> 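A single structure is presented below for examination.
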Amino acid sequence: MPFLFDYFTLKIIWWLFVCVLLIGFALLDGFDLGVGIMLPFVAKTDDQRRVLINSIGPTWEGNQVWFITAGGAIFAAWPFVYAAAFSGFYWALLLVLFALFFRPVGFDYRSKVEDPRWRNAWDWGLFVGGFVPALVFGVAFGNLLQGVPFHLDEFMRPYYTGSFWGLVINPFALLAGVVSLSMLVMHGAVYLQMRTEAELYERAQKVVLFAGIIFMAAFAVAGIWQAYGIEGYRIVSMPDAGGVVTPLDKKVAVATGAWMQNYSIYPWTILAPILAFAGGILAIVLTRINRPGIAFIFSGASLAGVILTAACAMFPFIMPSSTIPNSSLTVWDVTSSHRTLNLMFIAVVVFLPIVLVYTSWVYRVLRGKITEEKIRKESHTAY
């Protein structure tokens, strides 16, 4: 089979594909997580909580496929990153997995018993299933920006130093967790405005303002901290990036503010943080004037801007090493073979449009408001 692109171009394409999948996960499953986080607080009665659950119940499984697909894409395109990350972040990923268990079980079993204690317990379970992943994903990105304490030996085996708590409990990583948590709550609240009425609509409107302000303030502080407070990474020398390269073939320098280098070399990348701030501000303004549909678009744009801001700052680094910087994993040296990337590219071109069309059709069919009256009438089919 002839190659559609040269190896260098395919490395860039697959970096973009992974970014697209992460953005798709944040846009779609992000509001599911946000609604789950708000469930015990925004909804005061059982009927109101069932409204929230039914607003995401029919689609959450399909949305979560984006997360699974992103993991599969990382495994296929960057198998070394997949292996190293799952070793170093094992307990964090296990924590996310256990938290996510509450979601399918909570959606299916909450309404099986009418006992308020039973239902309240599952409501808090759904809260955990939203809160923990939203926080941990942000903390993980915060640790990537600081560098992960691992190094490679001469046989390319990764070795970690430090502890799980050392990775998680550090100020910058926790700040990144706040950014992730607040932006998903904002996104989920905007979605609730689209799907609810009356009291729930008004409470969601207040949450958008509160979470949006925290999100933009935390994002601004994280940006300043990233530029002036933490050390970034840059490649000093390496072989031809279009060829077969191993992580140990390059030299990496560490310096404060190095993560801002790409913004100087490629000024157009500044559009990413601008999109994050502009999208967040417009989402808040539009919800205040009762335009939740358009606000949801800008809220999603804000999420995309945050992810692209981190991606543009780190490129070409995927998993920097804080122990021995030369062991850092980058787009150039951890990708699969030329043939593998080529075959997967063809599969993506064929199947991704099908997934997008089907997803769009599902949301078109399920559009509209969900009310307490509707929940009472359809109690035999609703969650």
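Not measured: the values here are computed from a predicted model.
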> Between Arg103 and Asp108, is the closest basic N to carboxylate O distance under 4.0 Å?
no
> Are the side chain of Asn143 and the backbone N or O of Val139 linked by a donor-acceptor pair below 3.5 Å?
yes
> Does some side-chain heavy atom of Leu329 sit less than 4.5 Å from a side-chain heavy atom of Trp78?
no
> Would you sort out whether Tyr109 and Lys112 count as a side chain to side chain contact (heavy atoms under 4.5 Å, CB included), showing the intermediate values?
CA-CA 5 Å; Tyr109 284 96; Lys112 300 295 184 183; 4.1 Å; yes
> So, Ser302 side chain and Ala276 main chain: donor-acceptor pair closer than 3.5 Å or not?
yes
> For the ring pair His151 and Tyr160, is the centre-to-centre distance below 6.0 Å?
no
> Give a yes or no on whether the backbone of Ser327 and the side-chain of Ser321 come within a donor-acceptor separation of less than 3.5 Å.
no
> Less than 6.0 Å separating the ring centroids of Phe86 and Tyr90?
no
> For Gln205, does its backbone N or O pair with a side-chain atom of Thr287 as donor and acceptor, under 3.5 Å?
no
> Among Arg195, Met194, Lys369, find the residue that satisfies the side chain to side chain contact (heavy atoms under 4.5 Å, CB included) test when tested with Ser55.
Arg195
> Using only heavy-atom distances, determine whether the side chains of Arg203 and Gln48 contain a donor-acceptor pair under 3.5 Å.
yes
> Hey, what do you get for CD1 (Ile53) to OG (Ser111), rounding to the nearest 0.5 Å?
6.0 Å
> Quick one: CG on Asn342 to CH2 on Trp14, what's the gap to the nearest 0.5 Å?
10.5 Å
> Do the side chain of Ser360 and the main chain of Leu356 share a donor and acceptor less than 3.5 angstrom apart?
yes
> Distance check, rounded to the nearest 0.5 Å: Leu28 atom CG versus Trp60 atom CH2?
14.5 Å
> Does any non-hydrogen side-chain atom of Lys250 lie less than 4.5 Å from one of Asp333?
yes
> Stepwise, does the side chain to side chain contact (heavy atoms under 4.5 Å, CB included) test hold for Leu209 with Arg288?
CA-CA 8 Å; Leu209 177 62; Arg288 304 304 294 178; 4.3 Å; yes
> Between Lys44 and Phe41, is there a donor-acceptor pair closer than 3.5 Å when you use the side chain of the first and the backbone of the second?
yes
> Can you confirm if the aromatic rings of Trp259 and Phe315 lie within a centre distance of less than 6.0 Å?
no
> Can you see whether Asn120 engages Arg49 through a side-chain donor-acceptor pair at a distance of less than 3.5 angstrom?
yes
> Is there a side-chain contact between Tyr201 and Asn290, using heavy atoms and a 4.5 Å cut-off?
yes
> Compare every heavy atom of Thr340 with every heavy atom of Ala76, then report the nearest pair and how far apart it is.
O-CG2, 4.2 Å
> With clusters built from Ile, Leu, Val, Met, Phe, Trp and Tyr whose side-chain heavy atoms come within less than 4.5 Å, directly or transitively, what are the remaining members of the cluster of Ile265, listed by chain and number?
Tyr266, Trp268
> Decide if the gap between the ring center of Phe102 and the ring center of Phe127 is smaller than 6.0 angstrom.
no
> Could you grab the distance from atom CZ of Phe17 to atom CG of Leu10, nearest 0.5 Å is fine?
9.0 Å
> Can a side-chain donor-acceptor contact be found between Tyr191 and Asp32 if the only test is distance below 3.5 angstrom?
no
> I'd like to know whether the aromatic ring centres of Phe8 and Trp332 sit less than 6.0 Å apart in this structure.
yes
> Please confirm whether the backbone N or O of Val51 pairs with a side-chain atom of Asn54, one donor and one acceptor, at under 3.5 Å?
no
> Tell me whether the centres of the aromatic rings in Phe137 and Phe25 are closer together than 6.0 Å.
yes
> First locate atom CD of Glu231, then atom CG of Leu145, and finally report the distance between them rounded to the nearest 0.5 Å.
13.5 Å
> Does Trp66 use its side chain to pair, donor to acceptor, with the backbone of Ala26 at less than 3.5 Å?
no
> Decide yes or no for Tyr7 and Leu341: does some side-chain heavy atom of the first lie under 4.5 Å from some side-chain heavy atom of the second?
yes
> Can the ring centroids of Phe345 and Phe5 be said to lie less than 6.0 angstrom from one another?
yes
> Answer whether the closest heavy-atom distance between the side chains of Ser180 and Phe219 falls below 4.5 Å.
no
> Heavy atoms, side chains only, cut-off 4.5 Å: are Ile37 and Leu181 in contact?
yes
> Would the distance check show the side chain of Asn262 and the main-chain N or O of Cys312 forming a donor-acceptor pair, the cut-off being under 3.5 Å?
yes
> In the structure I gave you, are the side-chain heavy atoms of Leu126 and Phe107 within less than 4.5 Å of one another anywhere?
yes
